Protein chains: 2
Amino acid sequence: MIKLTYAEENYLKAIYELTEAGKRSTSTNDISTWMKIKPASVSDMLRKLGEKTVIDYRKYYGVHITEEGKKLALRTIRKHRLWEVFLVEKLRFSWDEVAEVADELEHVQSPTLIQRLDEYLGFPKFDPHGDPIPDEFGDVRSRPRVPLNEIELDGTGQIVAVKDSSAAFLRYLDKVGAYIGARIKVLEKVEFDGSIEILVDNKKTIFMSKDVAGNILVIQ
Amino acid sequence: MIKLTYAEENYLKAIYELTEAGKRSTSTNDISTWMKIKPASVSDMLRKLGEKTVIDYRKYYGVHITEEGKKLALRTIRKHRLWEVFLVEKLRFSWDEVAEVADELEHVQSPTLIQRLDEYLGFPKFDPHGDPIPDEFGDVRSRPRVPLNEIELDGTGQIVAVKDSSAAFLRYLDKVGAYIGARIKVLEKVEFDGSIEILVDNKKTIFMSKDVAGNILVIQ
DNA sequence: TTTTTATTTTAGCCTTATCTAAAAAGAACA
DNA sequence: TGTTCTTTTTAGATAAGGCTAAAATAAAAA
């Protein structure tokens, strides 16, 4: 059985997240930027993760995650997202405050704890940001998600996630009244700048730039 | 503001626990045995904790905890015991399974998290083992606790804690029907071996050796 | 194809926290 | 008061995970 340290778990999670977004590999520099750790340190860690066979690592040619690595990364992500649900639903955290605390909680080692937490929360399928929670076997039931700016005029959908999940952006969304789970309808699409007007939950209209809309993911 | 590492927090908690039991100081060897860490490592850590002014440390003469240290230790203990309550009351852990998981959870750094957890649990005053939970200022409202074997014949009381909280001992107690919170009455005290017979919750009688009774703490 | 630039890796250093082996200090006893 | 035994500390090693500076490699430009 492969054992990972706290730091190794963080790297593997980062690599999974960076490679899941379509690309199949990622680079030392990307990981360095994402994790705010110097490239030299990243190189060294990639060597170690390669030796533990959770990634495929060819010097100078980037990183692919292995099946074994994917399983371990998903286990961490599952824990992270379950804790986020707990923080928001049970402890009244707002959805832009949970990431930091969940980053610590996700490393607590106890299969029973996670099983029980999952059960206690009613086996949630999505975290407060709308990201899917892998099941205990690492399976993710994901629905196709489309950036809001790509929805056609009069098209409807439900906000399920954001691409940029910075606290600032999440606060902005809360402020204007867009939140995960909101039902939306596209009322207008402005040709020349790509900005749009949407109706939220059949009661409130919001105007947003193309950039903002591009950061919001919906299912139809 | 004094910052402690994960390991330093563990040492300080151990020192607090070892010195709270009446004694005002503890030794390198005691800490070593308690924490299962070699004396040489303990010595080194005591030097560091001394420099951080959370303990008074004079080489070869044992350790006293300072006021500052006591405050920090109580903060960790508060977190540990709140998590224990959570695990037992919300996640159906049995009270002999929680220590290990709580030892990890107690190091999560987030004042908000602990405040909210406390509130969510209804501001409990005692953990599942009957030990008091310090409030956010480090105040402990503790009642005088007496070993069960010291209660006089026909005396009554309530089980609030155990001295030896090993999983084996806790399971044994559960099995015979003695649990934290149980109301007890001493029905008989056998002179020659110190064993006793008690009535639990006015319905069940239990016979126990002096050793077992000495490990059970009650309030009168 | 050569040169320049950008990326990545290696080498060497630091800190934390552990260990073992050896030395030092204190306690117990003759 | 020495001598022996126990406890504690120091010295030096190791492993993890970070850093900076320098070297190596790949990619881009001339």
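All chains are named by letter (A, B, ...) in the order of the sequence lines, taking the proteins before the strands, and each is independently numbered beginning at 1. Every heavy atom of this structure was used, including side-chain atoms; hydrogens, water molecules and symmetry mates were not. Note that this is a predicted model, so its numbers are computed, not measured.
- Residue A/Ser41 is in base contact, counting any heavy-atom pair closer than 4.0 Å across all strands shown.
- OP1 or OP2 of D/dT6 has not a single side-chain nitrogen or oxygen of B/Asn29 nearer than 4.0 Å.
- At whole-Å resolution of the value, CG in B/Asp44 and P in D/dA13 are 15 Å apart.
- Comparing A/Ile37 and A/Tyr60 by the nucleotide of DNA chain D that holds the closest heavy atom to each, the one mapping nearer the 5' end is A/Ile37.
- In this entry the distance linking CE of B/Met35 with P of C/dC19 reads 10 Å, nearest Å.
- To the nearest 0.5 angstrom, B/Glu106 atom CD is 6.0 Å from B/Thr76 atom OG1.
- Ring pair A/Tyr120/B/Tyr120 is perpendicular by interplanar angle, where above 60° counts as perpendicular and below 30° as parallel.
- Closest contact between the side chain of A/Tyr57 and the listed nucleotides D/dT9, C/dT9, C/dT20 involves C/dT9.
- Remark: P of C/dA17 and CD of B/Glu9 are 11 Å apart, rounded to the nearest angstrom.
- Looking at A/Ile77 and A/Ile133, their side chains never come closer than 4.5 Å, going by heavy atoms from C-beta outward.
- Taking 4.0 angstrom as the limit, A/Ser27 places none of its side-chain polar atoms (N or O) nearer than this to OP1 or OP2 of C/dT7.
- The nearest whole Å value for the distance from the CE atom in B/Met45 to the P atom in C/dA17 is 4 Å.
- Across all strands, A/Thr5 comes closer than 4.0 Å only to sugar-phosphate atoms, never to a base (heavy-atom distances).
- With no hydrogens or angles considered, no side-chain donor-acceptor pair links B/Asp127 and B/His80 at under 3.5 Å.
- Within the nucleic acid shown, A/Tyr11 comes within 4.0 Å of sugar-phosphate atoms alone, with no base atom in reach, counting heavy atoms only.
- For A/Tyr61, the listed nucleotide lying nearest its side chain is D/dA26; candidates were D/dA26, D/dT8, C/dT20.
- Atom pair B/Lys3:NZ and C/dT16:C1' shows a separation of 16 Å (rounding to whole Å applied).
- Listed candidates were C/dT8, C/dT10, C/dA21. Nearest to the side chain of A/Ala40 is C/dT10.
- Distances shown here put a side-chain N or O of A/Lys59 below 4.0 Å from the OP1 or OP2 atom of C/dT10.
- The NE2 atom of B/His129 sits 10.5 Å away from atom CG of B/Leu173, with the distance rounded to the nearest 0.5 Å.
- C/dT10 atom P lies 8 Å from atom CZ of A/Arg47, rounded to whole Å.
- Remark: C1' of D/dT7 and CZ of B/Arg58 are 15 Å apart, rounded to the nearest angstrom.
- Going from atom CD of A/Glu8 over to atom C1' of D/dG17 covers 10 Å, rounded to whole Å.
- Looking at heavy-atom distances under 4.0 Å, B/Ser43 makes contact with a base.
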